[in-house]
Novice: 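Below you will find the structure I want to go over with you.
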Amino acid sequence: MPNPVENREAVSILPGMTRTPIREVLQSDAPEPEILIEGWVRTKRDSKAFSFIEVNDGSCLTNLQIVADATLEGYHDSVIPLTTGASVSVRGKVVESQGKGQKWEMQAITVTMLGSAEGDFPLQKKGHSMEFLRSIAHLRPRSNLFGAVFRVRSRMAYAIHQFFQDRGFVYVHTPVITASDCEGAGEMFRVVTMDGEEIRLGDEEFFGKPSYLTVSGQLEGETFACALSNIYTFGPTFRAENSHTSRHASEFWMIEPEIAFCDLMADMDLAEAMIKHLVTDALESCREDLGFFDQFVDKGLISRLESVRDRAFERVSYTEAVRILEESGAKFEFPVEYGHNLQSEHERYLTETHFKCPTTVYNYPKEIKPFYMRINDDEKTVAAMDLLVPGIGEIVGGSQREERLEILRANMKAHDLDEADYSWYVDLRRYGSVPHAGFGLGFERLLMFITGVANIRDVIPFPRTPGSAEF
RNA sequence: UCCUCUGUAGCUCAGCGGUAGAGCGGGUGGCUGUUAACCACUAGGUCGUUGGUUCGAACCCAACCGGAGGAGCCA
């Protein structure tokens, strides 16, 4: 158990900083004579002789209860005006609590109000809708739910780097601005410069040709995999799709590993190992926050995550999946038909009803997949895979890439693509081509899966969706 | 882009053709250690916007704006 005083020393690497994070105060194993905590008031309860002030500094979910005697110097100036949302600096002793509900509390020696909160401070102790909290995206991280979500988001970003770095993957920063109008991954945002109110186009174009915000770093990632063997990207991605659902955002983060000397089976192995690693890490590192989600957001979350951690994932070919759906006897709004994409309801049936666990579907008909996916020996299907999880649907999409020059050229032609636009991509097949594979993981969808939060807008700090780019 | 639902106090909501309400939050006072504390008093509203129907509209109708859910597409 960390000792708060020792941890205070550790934090003091920053000049003049002597604040102890509340997370460490609450982990104390003995009373402490005097430390400093700082944070924001969540609620205050007054009685005649003293006040209870609940303070949160974002270091953990739980508040620290401060007991402030009415005899404290400056009580009327510093404690009485504290309302929910005000910021405080408190020096005091960490003592065992006389009340129920917490082991430790702080007996205040001095309380300083740093900033008051006006009476219309919108965050209260209860009863907010998610829609309202979205409208105050600048204040919602001060709520229990969003504090927890963004601590988990940070930890999962770390765990992703850890997973790949531990396996010798090289982190590649693929460009955000791209001039290749590629692969039909979705509608793109155009990047332009302005001359006053005039948009510069044609010969005036900044890059000499049309440019866009990236929809995927995959093609650039392949070039680096064909040099450094195992690489991954992790960065923002943009889609100008006019889609109004709880699972789509215009700006989101994507993780895209690309592995040389790799086939589809190993690609699926990697995707499943990554999901297991992230779930395992969340269960170990974010236990308190997950407990909050399990209680208030998605009952049964933790046991579901534990089963994802402990059970093998299912794996079926597209052909088998279609047969399972046809033989299920379940009623679907859209009929199951070989050669068509699986509908959301079909994916949900497979992962939630039939297998009841994460399920990877592979070898899709070539007609419904993009040009770069490797044609299988049956010449009907491509080496593609989608990892489906209960509650979310597709969380990972990947494939083995077509490494054979002539077949890639034929695929491009079949997809009405001009080879001249992809000369650098084709070059990878002309000079030392190797089998390689990769996948894309939507970071926000992963976070929805791990936190149980139902709307993508609530796992990204400042969501961008059609018609909405506030803050 | 299509379909459905929705907009009343700082927040959560009730009111559904006849004087705008409650709880929480704010303020004031009280209270023997509270835990979404409790008790009393109090301030707080262009009922999303515009137009229409009506003696009279928060309520009925239309358009527009905002929000949500689903579909398609995807991550």
Side-chain angles (χ1 to χ4, degrees), chain A residues 42-54 62-63 65-70 80-81 83-86 95-102 105 107 116-136 139 143-144 183-187 215-218 236-256 271 296 333-334 340-345 347-348 368-370 386-389 392-398 439-449 454-460 465-468 470:
Chain A
R42 283 295 177 79
T43 178
K44 186 181 63 153
R45 297 177 288 273
D46 294 321
S47 68
K48 193 176 189 177
F50 38 75
S51 295
F52 296 102
I53 312 162
E54 299 259 349
T62 307
N63 304 324
Q65 174 164 283
I66 311 291
V67 184
D69 279 335
I80 293 295
T83 57
T84 302
V95 298
E96 283 196 58
S97 179
Q98 296 171 37
K100 290 174 185 170
Q102 60 279 316
E105 66 187 15
Q107 186 70 46
S116 63
E118 294 179 20
D120 60 355
F121 181 67
L123 275 172
Q124 293 167 25
K125 287 174 289 185
K126 63 171 185 176
H128 294 297
S129 64
M130 298 297 267
E131 292 84 349
F132 170 69
L133 290 166
R134 268 169 226 151
S135 75
I136 52 164
L139 297 172
S143 66
N144 285 336
E183 52 167 318
E187 294 292 316
V215 294
S216 165
Q218 180 199 314
T237 307
F238 306 87
R239 302 277 168 92
E241 296 283 355
N242 188 22
S243 47
H244 296 254
T245 83
S246 53
R247 300 179 308 285
H248 292 84
S250 309
E251 177 181 326
F252 61 100
W253 282 56
M254 193 150 64
I255 298 102
E256 295 179 288
F296 294 107
E333 188 183 344
F334 294 92
H340 287 68
N341 260 316
L342 297 179
Q343 304 286 328
S344 298
E345 56 177 342
E347 295 182 346
R348 278 199 303 272
I368 57 175
K369 290 294 182 182
D386 285 348
L387 173 49
L388 314 176
V389 296
I392 312 288
E394 183 183 340
I395 196 168
V396 165
F439 61 82
L441 167 77
F443 187 44
E444 283 75 18
R445 290 198 181 164
L446 171 85
L447 292 171
M448 292 166 72
F449 179 61
N455 196 308
I456 197 168
R457 297 172 182 88
D458 301 323
V459 296
I460 190 164
T465 52
S468 177
E470 300 304 311

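Because only heavy atoms are used, hydrogens play no part in the values below, and waters and symmetry mates are left out as well, while side chains stay in. Letters A, B, ... are given to chains in the order of the sequence lines, protein chains preceding strands, and every chain is numbered from 1.
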Novice: How long is the line joining CD of A/Glu187 and C1' of B/G72, in whole Å?
Specialist: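 Going from CD in A/Glu187 over to C1' in B/G72 covers 13 Å.
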
Novice: Distance between the P atoms of B/G15 and B/U8, in whole angstroms?
Specialist: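 Going atom to atom, P in each nucleotide, I get 14 Å.
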
Novice: Is there a Watson-Crick or G-U wobble partner for B/U54 with both distances under 3.5 Å, and if so, which one is it?
Specialist: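 When the pairing criteria are applied, nothing turns out to pair with B/U54, so the answer is none.
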
Novice: Main chain of A/Ile53, side chain of A/Ser51: is a donor-acceptor contact present, judged purely on distance under 3.5 Å?
Specialist: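 Side chain of A/Ser51 to backbone of A/Ile53, a donor-acceptor pair under 3.5 Å: no, none is there.
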
Novice: With a 3.5 Å cut-off and just heavy-atom distances, do the side chain of A/Arg45 and the base of B/C31 make a donor-acceptor pair?
Specialist: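 By the distance-only test, no, there is no pair.
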
Novice: What's the CZ-C1' distance between A/Arg247 and B/A75, to the nearest Å?
Specialist: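 So the CZ-C1' distance, A/Arg247 to B/A75, works out to 11 Å.
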
Novice: Short question: side chain of A/Arg239, backbone of A/Val215 - any donor-acceptor pair under 3.5 Å?
Specialist: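 Yes.
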
Novice: Considering only the C1' atoms, how many Å lie between B/A20 and B/G66, rounded to the nearest integer?
Specialist: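 Their C1' atoms lie roughly 23 Å apart.
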
Novice: Between A/Arg348 and B/A71, is there a side-chain N or O to OP1/OP2 distance below 4.0 Å?
Specialist: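 Yes.
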
Novice: Name the pairing partner of B/G69, where a pair is Watson-Crick or G-U wobble with both distances under 3.5 Å, or state none.
Specialist: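 Matched B/G69 with B/C3 under the 3.5 Å cut-off.
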
Novice: Check the phosphate of B/U12 against A/Ser129, side-chain N and O only, distance under 4.0 Å to OP1 or OP2. Yes or no?
Specialist: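 So the side chain of A/Ser129 is within the cut-off, an N or O lying under 4.0 Å from OP1 or OP2 of B/U12.
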
Novice: Starting at the 5' end of RNA chain B, which residue's closest nucleotide do you reach first, A/Ile368 or A/Gly99?
Specialist: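 Nearest-nucleotide comparison on RNA chain B picks A/Gly99.
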
Novice: Pick the nucleotide of RNA chain B nearest each of A/Gln98 and A/Phe132; which residue has the one closer to the 5' end?
Specialist: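 It is A/Phe132 whose nearest nucleotide is closer to the 5' end.
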
Novice: Which nucleotide, if any, forms a Watson-Crick or G-U wobble pair with B/C31, using both distances under 3.5 Å?
Specialist: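 Check on B/C31: unpaired, no WC or wobble geometry under 3.5 Å.
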
Novice: Just call it for A/Ile456: base, sugar-phosphate, or nothing, with non-hydrogen atoms closer than 4.0 Å on any strand.
Specialist: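 Base contact - A/Ile456 has a heavy atom under 4.0 Å of at least one base atom.
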
Novice: Between B/G27, B/C31, B/G10, which nucleotide has the shortest distance from any of its atoms to the side chain of A/Thr83?
Specialist: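 Of all the options, the side chain of A/Thr83 is nearest to B/G27.
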
Novice: Classify the side chain of A/His128 and the base of B/C11 as holding, or not holding, a donor-acceptor pair under 3.5 Å.
Specialist: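 In this structure, the two groups form no donor-acceptor pair.
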
Novice: Rounding to an integer number of angstrom, what distance separates B/G10 and B/C47 when you compare their P atoms?
Specialist: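 It works out to 12 Å between them.
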
Novice: Within the pair A/Asn341 and B/C74, is there a side-chain N or O less than 4.0 Å away from OP1 or OP2?
Specialist: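 Result: yes.
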
Novice: Would you call A/Arg445 and A/Phe252 a side-chain contact if the rule is heavy atoms closer than 4.5 Å?
Specialist: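 No. Closest side-chain heavy atoms not under 4.5 Å.
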
Novice: Rounded to whole angstrom, note down the P distance from B/U34 over to B/G7.
Specialist: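 After rounding to an integer number of Å, I get 41 Å for this pair.
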
Novice: Keeping the roles fixed (side chain from A/Glu256, backbone from A/Gly217), state whether a donor-acceptor pair exists under 3.5 Å.
Specialist: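 Checked: pair present.
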
Novice: To the nearest angstrom, how far is A/Ile53 atom CD1 from B/U34 atom P?
Specialist: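 Spelled out: CD1 on A/Ile53 to P on B/U34 is 17 Å.
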
Novice: For A/Glu444, report the nucleic acid contact type (base, sugar-phosphate, nothing); a contact means any heavy atom under 4.0 Å.
Specialist: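 Touches nothing.
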
Novice: Using atom CD1 of A/Ile80 as one end and atom P of B/G30 as the other, report the distance to the nearest whole Å.
Specialist: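 Going from A/Ile80 (CD1) to B/G30 (P), I get 10 Å.
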
Novice: Tell me which nucleotide, if any, is Watson-Crick or G-U wobble paired with B/G48 when both distances must be under 3.5 Å.
Specialist: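 B/C64 is the nucleotide pairing with B/G48.
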
Novice: If you draw a 6.0 Å radius around NE2 in A/His244, do more than 12 non-hydrogen atoms from other residues or ligands fall strictly inside?
Specialist: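 For A/His244, atom NE2 is crowded (more than 12 foreign heavy atoms under 6.0 Å).
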
Novice: May I ask which nucleotide in the shown strands pairs with B/C24, Watson-Crick or G-U wobble, both distances under 3.5 Å?
Specialist: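 Because both required distances fall under 3.5 Å, B/C24 counts as paired with B/G10.
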
Novice: Would the distance check show the side chain of A/Glu345 and the main-chain N or O of A/Phe334 forming a donor-acceptor pair, the cut-off being under 3.5 Å?
Specialist: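 Between the backbone of A/Phe334 and the side chain of A/Glu345 there is a qualifying donor-acceptor contact (under 3.5 Å).
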
Novice: Donor-acceptor pair, distance only, cut-off 3.5 Å: does the side chain of A/Gln102 make one with the backbone of A/Lys100?
Specialist: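 At least one qualifying donor-acceptor pair exists.
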
Novice: Taking CG from A/Leu139 and P from B/G25, how many angstroms apart are they, rounded to a whole number?
Specialist: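 After rounding, the reported distance stands at 19 Å.
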
Novice: What integer number of Å spans the C1' atoms of B/U6 and B/A58?
Specialist: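 Each nucleotide's C1' atom is 15 Å from the other's.
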
Novice: How close or far is atom C1' of B/C74 from atom NZ of A/Lys369, stated in whole angstroms?
Specialist: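 Roughly 9 Å, once rounded to whole Å.
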
Novice: Students often get this wrong, so: under 4.0 angstrom with heavy atoms, is A/Gln102 touching a base, only sugar-phosphate, or nothing?
Specialist: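 Here A/Gln102 touches the bases of the nucleic acid.
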
Novice: Would you say B/C38 has OP1 or OP2 under 4.0 Å from some side-chain N or O of A/Ser47?
Specialist: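 It does not, given that no N or O in the side chain of A/Ser47 lies less than 4.0 Å from OP1 or OP2 of B/C38.
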
Novice: To the nearest Å, give me how far apart CG (A/Asp46) and P (B/G30) are.
Specialist: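 Taking CG of A/Asp46 and P of B/G30, I get 12 Å after rounding.
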
Novice: Within the structure, does a side-chain N or O atom of A/Ser344 lie under 4.0 Å from either OP1 or OP2 of B/G72?
Specialist: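 For B/G72, OP1 or OP2 has a side-chain N or O of A/Ser344 closer than 4.0 Å.
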
Novice: Is A/Glu241 reaching over with its side chain to a backbone N or O of A/Glu187, donor-acceptor style, under 3.5 angstrom?
Specialist: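 A pair under 3.5 Å: yes.
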
Novice: From B/G72, B/U34, B/A75, pick the nucleotide closest to the side chain of A/Ser97?
Specialist: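 Selected nucleotide (nearest to the side chain): B/U34.
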
Novice: The side chain of A/Thr245 is closest to which nucleotide in this list: B/G72, B/G26, B/U35?
Specialist: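 Closest of the options to the side chain of A/Thr245: B/G72.
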
Novice: Can you tell me how far P in B/G44 sits from the matching atom in B/A22, rounded to whole Å?
Specialist: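 Straight-line distance between the two P atoms is 13 Å.
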
Novice: Side chain of A/Glu131: nearest nucleotide among B/A68, B/G33, B/A75?
Specialist: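 Minimum distance to the A/Glu131 side chain belongs to B/A68.
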
Novice: What's the closest nucleotide to the side chain of A/Phe252 if the choices are B/U35, B/A71, B/A75?
Specialist: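 Within the option list, the nearest is B/A75.
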
Novice: Check whether any side-chain nitrogen or oxygen of A/Arg457 sits under 4.0 Å from OP1 or OP2 of B/G69, and answer yes or no.
Specialist: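 So the side-chain polar atoms of A/Arg457 do come within 4.0 Å of the phosphate oxygens OP1 or OP2 of B/G69, strictly under.
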
Novice: Do A/Gln124 side-chain and B/U12 base share a donor-acceptor contact under 3.5 Å?
Specialist: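 Side chain to base: no pair present.
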
Novice: Under 4.0 angstrom, heavy atoms only, what part of the nucleic acid is A/Glu105 near: base, sugar-phosphate, or nothing?
Specialist: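 Base contact.
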
Novice: If we take the P atom in both B/G18 and B/C59, what is their distance in whole Å?
Specialist: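 11 Å, rounded to whole Å.
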
Novice: Is there a side-chain contact between A/Phe52 and A/Val67, using heavy atoms and a 4.5 Å cut-off?
Specialist: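 A/Phe52 reaches A/Val67 side chain to side chain.
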
Novice: Determine whether any donor atom in the side chain of A/Glu54 lies under 3.5 Å from an acceptor atom in the base of B/U34, or the reverse, and answer yes or no.
Specialist: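 Checked by distance alone, the answer is no.
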
Novice: Just call it for A/Ala49: base, sugar-phosphate, or nothing, with non-hydrogen atoms closer than 4.0 Å on any strand.
Specialist: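 The residue A/Ala49 makes no contact with any strand.
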
Novice: Between P on B/G67 and NE2 on A/His244, what's the gap in Å once rounded to a whole number?
Specialist: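 The answer, rounded to whole Å, is 9 Å.
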
Novice: Classify the side chain of A/Glu241 and the base of B/G72 as holding, or not holding, a donor-acceptor pair under 3.5 Å.
Specialist: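 Counting by modelled atom types and ignoring angles, no donor-acceptor contact under 3.5 Å is found here.
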
Novice: If stacking means aromatic ring centre less than 5.5 angstrom from the base's six-membered ring centre, planes under 30°, is A/Phe50 stacked on B/G33?
Specialist: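 No, A/Phe50 does not stack on the base of B/G33, since the centre distance and plane angle fail the 5.5 Å and 30° test.
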
Novice: Any base atoms under 4.0 Å from A/Ser51, or only sugar-phosphate, or nothing? Heavy atoms, all strands.
Specialist: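 Nothing, no nucleic acid heavy atom in range.
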
Novice: Please state the P separation for the pair B/G17 and B/U50 - nearest whole angstrom.
Specialist: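 The same atom, P, in both gives a distance of 24 Å.
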
